[in-house]
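To keep things clear, I will list the structure first and then write my remarks on it.
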Amino acid sequence: MANLWGGRFTEATDASAYRFNQSISFDRKMYAEDISGSVAHAEMLGRQGIISKADKEKIVSGLKEIKDDIDAGRLIISDDAEDIHSFIESVLTDRIGDAGKKLHTGRSRNDQVALDIKLYTRSRISETDRLIDDLQRVLLTIMEANTATYMPGFTHLQKAQPVTLAHHIGAYFEMFIRDRQRLADIYERMNTCPLGAGALAGTTYDLDREYTASLLGFEGGPTRNSMDSVSDRDHIIEFMSALSIIMMHLSRFSEEIILWNSNEYRFVEIDDRYSTGSSIMPQKKNPDIAELVRGKTGRVYGALMSILTTMKGIPLAYNKDMQEDKEMAFDAMDTVKDCLREFTGMMSTISFRNEVMEESARKGFTNATDAADYLVKKGVAFRDAHSIVGRLVLKCVAEDKALDDLSLTDFKAESEVFEEDIYGAISMKTCVEKRLTKGAPGEERMLEAIRYYRVYLEDMSK
Ligand code: ARG
């Protein structure tokens, strides 16, 4: 396939240098964006009288046919072209003749690629947001069913105080709210159109940049500085950063699911559809999906490091280094999409062992703070209450008991203040119910939070 820049050259590019230079092997992913950008550019050229109406119509219908043919598999993107921009332009010219050669009037591949990658990133941001929405809906269903499912809350991975499954899952729901806010911020900030910036210094044609921006749905209008327009890849960096944070959240969540699914915890059972077996150990059921999500976090962080490093020393304006903005970023976008989809599937089929969780909280002395508070409410100083309960815990450890397995005589041996009502005061239910500060796991508070999350999801889908 002919180069776009043959005129000045007397010798063809060295074959291996050509391969090194090409981007068609990965920028083919942007064919739909490249075509919409070109359609908008041609519409504008026709409207401004820079090309004739007839040429404009040929170009636009030619481009639409190319798009349909690629979609339907009738036109295969060939590896002979240098990049997706040259591929589409040369197919267009082959198909419609000389009119095709006018498409690039007042445009450079520099503003063209800046536009394509922005359109691509923008639609992947929306797609990621929708996938998080799916996950949040699954999480909310779990929360609604588990406002009275008691479990140990941990600090230092040591059982600390009782919480509920709804509360624990709610913590992740909050993380995903922030992730979606970040995506929305990026979307808004990047929503300006670089088309018309030319190679770096605009053009001498009377382009209507407002018009192309509005055709392409850039609510922020055209970009303000042509040099920045062709050399700005901030939106990819920001998106990679948001994706890295999403992966960090998914990875922490996966880690908990892996722990909870282990024989030591037995809090959950991952469904067979989301588990795998061992080739040698017949008893094994492995949480591979969760482990892979945790593992894939590394490559998404890698994509962030890669683009940050690529961009760090580049003088204005466009430089070929910037072609390196795509491969790892595309990989990261696909990876996060897969992870979100699989994680959501896993969470929508997982089963929770509620009794195991509650028993783990009871046996893990998560009610020790409440036992001390009981004494404080009956007039004992907190420091004294703390050490009384500490001694009771020591006794329980020695006898392999939970606090509420002790007899009233046992309690009284440490403090005469204990009465029969100690049992009610330190039941898991009471311990959680009494936690009614805003944001705490007490059922009333949790139901309030759930109502908020329902409204939030409705608002987000408007
Ligand atoms: N393949 C290039 C990229 O991805 C397209 C822009 C080429 N521009 C140029 N002046 N060589 O960045």
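Nothing here was measured: the structure is a model prediction, and the numbers come from that model. As the structure lists them, so they are numbered: ligands from 1, and atoms in each ligand from 1.
- Of the charged side-chain nitrogens involved, at least one lies within less than 4.0 Å of a carboxylate oxygen, so that Lys67 and Asp71 count as a salt-bridged pair.
- Take Asp98 and apply the side chain to side chain donor-acceptor pair (under 3.5 Å) test, not counting sequence neighbours, and it matches Lys101.
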Write out each pair where an N or O from ligand 1 and one from the protein are under 3.5 Å apart, with the distance.
| from | atom 1 | to | atom 2 | distance (Å) |
| --- | --- | --- | --- | --- |
| ligand 1 | 1 (N) | Ser23 | OG | 2.9 |
| ligand 1 | 1 (N) | Gln323 | OE1 | 2.7 |
| ligand 1 | 4 (O) | Lys326 | NZ | 2.4 |
| ligand 1 | 8 (N) | Asn110 | OD1 | 3.0 |
| ligand 1 | 10 (N) | Asn110 | OD1 | 3.0 |
| ligand 1 | 12 (O) | Tyr318 | OH | 2.5 |

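- Less than 6.0 angstrom separates the ring centroid of Tyr120 from the ring centroid of Phe330.
- Geometrically, Arg122 does not engage Phe239 in a cation-pi contact defined by less than 6.0 Å to the ring centre and at most 45° from the axis.
- Atom CD of residue Glu355 and atom OH of residue Tyr150 lie 14.0 Å apart, to the nearest 0.5 angstrom.
- Side-chain atoms of Arg209 and Thr223 form a donor-acceptor pair, as typed in the model, at a separation below 3.5 Å.
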